[in-house]
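Numbered from 1 within each chain, the chains take letters A, B, ... in sequence-line order. Because the structure is a prediction, the values reported are computed rather than measured.
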There are 2 protein chains.
Amino acid sequence: MGLTKADKFTATQNRIALMAKALGHPARIAIIEYLAISKSCVCGDIVNELPLSQSTVSQHLKELKNAGLIKGTIEGPSVCYCIDDRVWKEARESFAGLFASYIEDNNCC
Amino acid sequence: MGLTKADKFTATQNRIALMAKALGHPARIAIIEYLAISKSCVCGDIVNELPLSQSTVSQHLKELKNAGLIKGTIEGPSVCYCIDDRVWKEARESFAGLFASYIEDNNCC
DNA sequence: TTCTTTAATCGTAAAAATGCGATAAAGGTT
DNA sequence: AACCTTTATCGCATTTTTACGATTAAAGAA
């Protein structure tokens with residue numbers, strides 16, 4: 001059906017899955033890496049950085065925004081995209097928690 | 001076109017995106033959480049734990065296996081799924097690196 | 001006002017993801 | 001052998017994702 005049964009899982013599971021999904025494309029990883037390092041956050045600069053068309057990059061930005069990982073503020077004719085501190089922290093802690101939940105060499109087979 | 005241009009991105013970007021994508025569904029988060037905590041790793045037990053059909057769970061397990069995050073070993077008539085220590089470590093470090101690349105309060109707008 | 005720049009959205013196409021029932025395959029059990 | 005259990009795969013329908021060109025909308029410059 002192509003429809004995820006979100007209501008069958010916990011809010012926490014859905015939340016971390018949403019953030020992971022947002023990071024689940026190399027273009028969006030590239031965007032995040034760029035925003036993390038670069039001083040610039042102008043949409044056009046991101047478009048120039050990626051090997052994809054303007055409309056495609058815009059869509060990727062939309063998905064990252066939808067997950068809350070980034071936010072965009074209008075700056076004259078252009079838009080400035082930045083990593084959202086609060087959500088970024090939430091994501092970091094969620095993933096750290098997930099990875100911490102498994103103690104290595106605890107395999108049963 | 002529905003086809004990710006993987007060749008336009010670095011191997012590292014594609015790798016972390018693949019792992020993130022594998023974690024980008026609540027059912028697969030639930031599976032990982034179960035494997036991380038539970039002593040059992042029998043496929044049937046995972047199926048019973050999830051609100052999805054056997055075939056659907058099998059598909060989710062396949063995707064996690066495809067990303068390398070888990071591995072399955074045949075045990076008589078059943079299959080034992082476990083988190084793959086090596087890949088799990090790689091994933092943890094990759095995500096930690098991604099999150100560490102951004103210093104908070106460094107927004108330019 | 002007119003033109004340019006910038007970015008979002010629309011429309012379209014192709015491919016992948018989600019989900020399930022049915023079936024197949026493989027290993028035990030009787 | 002016949003049967004049961006367990007899990008993977010197939011077939012199908014639906015939805016979502018990826019990607020791009022074209023268009024729109026908004027802001028600034030001429």
Side-chain angles (χ1 to χ4, degrees), chain A residues 1-9 13-14 17-31 34-35 40-67 70-82 109, chain B residues 1-9 13-14 17-31 34-35 40-67 70-82 109:
Chain A
M1 301 159 178
L3 216 176
T4 297
K5 293 186 164 183
D7 52 305
K8 302 289 191 80
F9 300 96
Q13 287 168 338
N14 279 303
L18 181 72
M19 295 186 292
K21 195 175 187 178
L23 295 173
H25 192 287
R28 295 195 287 270
I29 292 291
I31 291 171
Y34 178 80
L35 290 181
S40 165
C41 54
V42 180
C43 178
D45 291 347
I46 303 169
V47 171
N48 289 328
E49 201 72 14
L50 297 193
L52 298 169
S53 76
Q54 181 266 320
S55 60
T56 303
V57 172
S58 190
Q59 247 178 215
H60 283 304
L61 288 167
K62 192 181 178 183
E63 281 196 54
L64 286 169
K65 211 163 66 175
N66 176 250
I70 66 171
K71 57 185 172 183
T73 48
I74 297 167
E75 237 172 45
S78 58
V79 175
C80 174
Y81 280 103
C82 305
C109 46
Chain B
M1 298 156 185
L3 216 176
T4 298
K5 294 187 163 182
D7 53 305
K8 303 288 192 77
F9 300 95
Q13 288 168 338
N14 279 303
L18 181 72
M19 294 186 294
K21 196 174 187 178
L23 295 174
H25 193 287
R28 295 195 287 271
I29 293 291
I31 291 172
Y34 178 81
L35 291 180
S40 165
C41 53
V42 179
C43 177
D45 291 347
I46 302 169
V47 171
N48 289 329
E49 201 71 15
L50 297 194
L52 298 169
S53 76
Q54 182 265 321
S55 60
T56 302
V57 173
S58 189
Q59 250 176 213
H60 283 303
L61 288 167
K62 192 181 179 182
E63 280 196 55
L64 286 170
K65 210 162 69 174
N66 176 251
I70 66 171
K71 58 184 171 182
T73 49
I74 298 167
E75 238 172 43
S78 58
V79 175
C80 174
Y81 280 103
C82 305
C109 45

Rounded to whole Å, please give me the gap between [atom1] in [X] and [atom2] in [N].
X       : N      : atom1 : atom2 : value
B:Ile31 : D:dT7  : CD1   : P     : 13 Å
A:Leu3  : C:dT18 : CG    : C1'   : 8 Å
B:Asn14 : D:dT18 : CG    : P     : 13 Å
A:Gln59 : C:dG11 : CD    : C1'   : 11 Å
A:His25 : C:dA17 : NE2   : C1'   : 14 Å
B:Asn66 : D:dA8  : CG    : C1'   : 15 Å

Given the structure, check if the side chain of B:Gln54 and the base of D:dA8 hold any donor-acceptor pair shorter than 3.5 Å.
yes
Taking atom types as they are modelled, is there a donor-acceptor pair under 3.5 Å from the base of D:dG21 to the side chain of A:Ser55?
yes
Mind listing the N/O atom pairs, protein and nucleotides 1-5 of chain D, below 3.5 Å?
none

How far does OG1 of A:Thr4 sit from CG of A:Leu18, to the nearest 0.5 angstrom?
10.5 Å
Could you tell me the separation between the CD atom of B:Glu63 and the CD1 atom of B:Ile70, rounded to the nearest 0.5 Å?
10.5 Å
Select base, sugar-phosphate, or nothing to describe what B:Lys21 touches, counting heavy atoms under 4.0 Å on all strands.
sugar-phosphate
B:Ser78 near the nucleic acid: base, sugar-phosphate alone, or nothing, with a heavy-atom cut-off under 4.0 Å?
sugar-phosphate
Looking at side-chain heavy atoms only, is the closest gap between B:Thr56 and B:His60 below 4.5 Å?
yes
Between A:Gly76 and B:Lys5, the residue closer to the 5' end of DNA chain D by nearest nucleotide is B:Lys5
Taking less than 2.5 Å as the test, are the sulfur gamma atoms of B:Cys41 and B:Cys80 close enough?
yes
